[in-house]
Amino acid sequence: MSSATSAPSPDDHFTFGLWTVGNPGRDPFGVETRAPLDPVDTVHRLADLGAYGVSLHDDDLVPFGSVAAERDRIVARFEGALKATGMKVPMTTVNLFTQPVFKEGAFTANDPQIRRFALKKAADAIDLGVELGASVFVLWGGREGCEVDAAKPIAAALDRLAEAVDLLCDYAIEQGYDLRIALEPKPNEPRGDILLPTVGHALAFISELEHPEMVGLNPEFAHETMSGLAFNHGVAQALWQGKLFHIDLNAQRAGKFDQDYRFGSEGVRDAFYLVKLLEDTGWDGMRHFDSHAYRTEDADGVWEFAAASMRTYLILREKARRFHADPDITAAMEEAQVAGLREPTTPEGGLRAIRAADYDLAALGAQGYGMERLDALVDELLLGVR
Ligand code: GLT
Ligand code: MN
Ligand code: MN
């Protein structure tokens, strides 16, 4: 495993979407500022930088509308690069948002023909993912939402979304695929409002599915932050419910458009608590970056961005290690009674004993927790003076 000062290695489980380093710098007001990347070159470049693998949408690899022979040729060439480098494809997904046919939705489009086409494309994408060795299939419902509430009864849309996920689970089971589905919440953009806007909405939705055990989450740092929520709390709950199947790392300022900045470039404290959570709980999945280089960057800037994403993670991982080794932090945590939260509340005798006991409310209300000191010590750690 790499240290903060060494280069990343595949053991660190860093992965990048083909669409992330491949982002051409287009935005709603401006055209591309960078040339497209060849996925085969991307695999080689990321392998050289120490990544574990790549993820992809169906269309990132096989251009939309390719005929079967072309698809097979592209996939075979890509598999050659994976073999040559040892890079893996742990996750794939399906693009149900770029083409005009999906402008009103995909699995939740009002037109049943569009919903059926979306399912056909998703099933094909599942086949592609399994062929490449993926065990997680992400569904990000970028177009599953609306601007005109009069035109989208939300309960019916959720029925259709559940129907689609159920069908895809049935398909994976029938095929004998070792595959789990990870839903990715996002509050808005590109739709005015998107279904399953937060981790909490998505977790609740899963309990209504036919195969809830096969479906979990792919939460994204930027997306929870857009809603002003604490990403690490959402991830902690997903872990607590056994539902963290994958994760998208990037950076974001609350209240802005989906920035998808380089991990750690905004909200370094939030990034630290997230890394600490993943490391403390022994998350053995991918550290997947879903972010892109600034539009200002040329190709060199893109590879700088990729290297820095991994380096920042490793630095924060080292900070998490130092957090636990720091005696002042340990003492401050004791003062804050952190360990007390791990004790069950219920004493012998249960609620009856709880109700019969006396509580010194004056003393309990007067006690201090020393959390200012603890918080400042974390600042010192992150600012590099400890
Ligand atoms: C798109 C989106 C991401 C999703 C990707 C998966 S595509 O770039 O902004 O958050 O993770 O479909
Ligand atoms: Mn994402
Ligand atoms: Mn995003």
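In each ligand, atom 1 is the first atom listed, and ligand 1 is the first ligand listed. What you are looking at is a predicted structure, and each value in this text was computed from that prediction instead of being measured.
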With nothing but distance in play, are any N or O atoms of Trp140 less than 3.5 Å from an N or O of ligand 1? no

Distance to 0.1 Å, residue and atom name: give those for the protein heavy atom nearest to atom 8 (O) of ligand 1. Trp19 NE1, 3.4 Å

Could an N or O of ligand 1 be found under 3.5 Å from any N or O of Asp248, whether backbone or side chain? yes

Do the charged groups of Arg262 and Glu304 touch, with an N to O distance under 4.0 Å? no

Suppose I only count heavy atoms of His223 and a 4.0 Å limit; which atoms of ligand 1 are within that range? 10 (O)

Of His13, Met91, Lys88, which meets side chain to side chain contact (heavy atoms under 4.5 Å, CB included) against Met286? His13

To the nearest 0.1 Å, how far is atom 9 (O) of ligand 1 from its closest protein heavy atom, and which atom is that? Asp258 OD2, 3.8 Å

Any protein N, O or S atom under 2.8 Å from the Mn ion (ligand 2)? Found Glu184 OE2, Glu220 OE1, Asp248 OD2, Asp290 OD2

Under the criterion side chain to side chain contact (heavy atoms under 4.5 Å, CB included), which of Arg180, Glu174, His211 is the partner of Cys169? His211

I want to confirm something. Looking only at heavy atoms, which of Asp290, Asn218, Leu96 is nearest to atom 3 (C) of ligand 1? Asp290

side-chain hydrogen bond (donor to acceptor under 3.5 Å, both in side chains) filter on Glu70, not counting sequence neighbours, yields Arg73

How does Val94 reach ligand 1, if at all, at less than 4.0 Å between non-hydrogen atoms: by side chain, backbone, both, or neither? neither

Contact summary for Met214 and Ala172, nearest pair of heavy atoms: CE-CB, 4.0 Å

Salt-bridge test for Arg322 and Glu318: reply yes if a basic N is under 4.0 Å from a carboxylate O, no otherwise. yes

Counting non-hydrogen protein atoms only, what is the nearest one to atom 11 (O) of ligand 1? Give residue, atom name and distance. Glu184 OE1, 2.6 Å

May I ask you to decide whether Arg71 forms a salt bridge with Glu131, counting only side-chain N to carboxylate O separations under 4.0 Å? yes

Is it true that the NZ or CZ of Arg143 lies under 6.0 Å from the centre of Phe102's six-membered ring and within 45 degrees of the ring axis? no

min-distance protein heavy atom vs atom 7 (S) of ligand 1 -> His57 NE2, 3.1 Å

Pair Asp248, Asn218 - check side chain to side chain donor-acceptor pair (under 3.5 Å), show working. CA-CA 7 Å; Asp248 278 358; Asn218 177 48; 3.2 Å; yes

For residues Asp290 and Asn250, is any side-chain donor paired with an opposing acceptor at under 3.5 Å? no

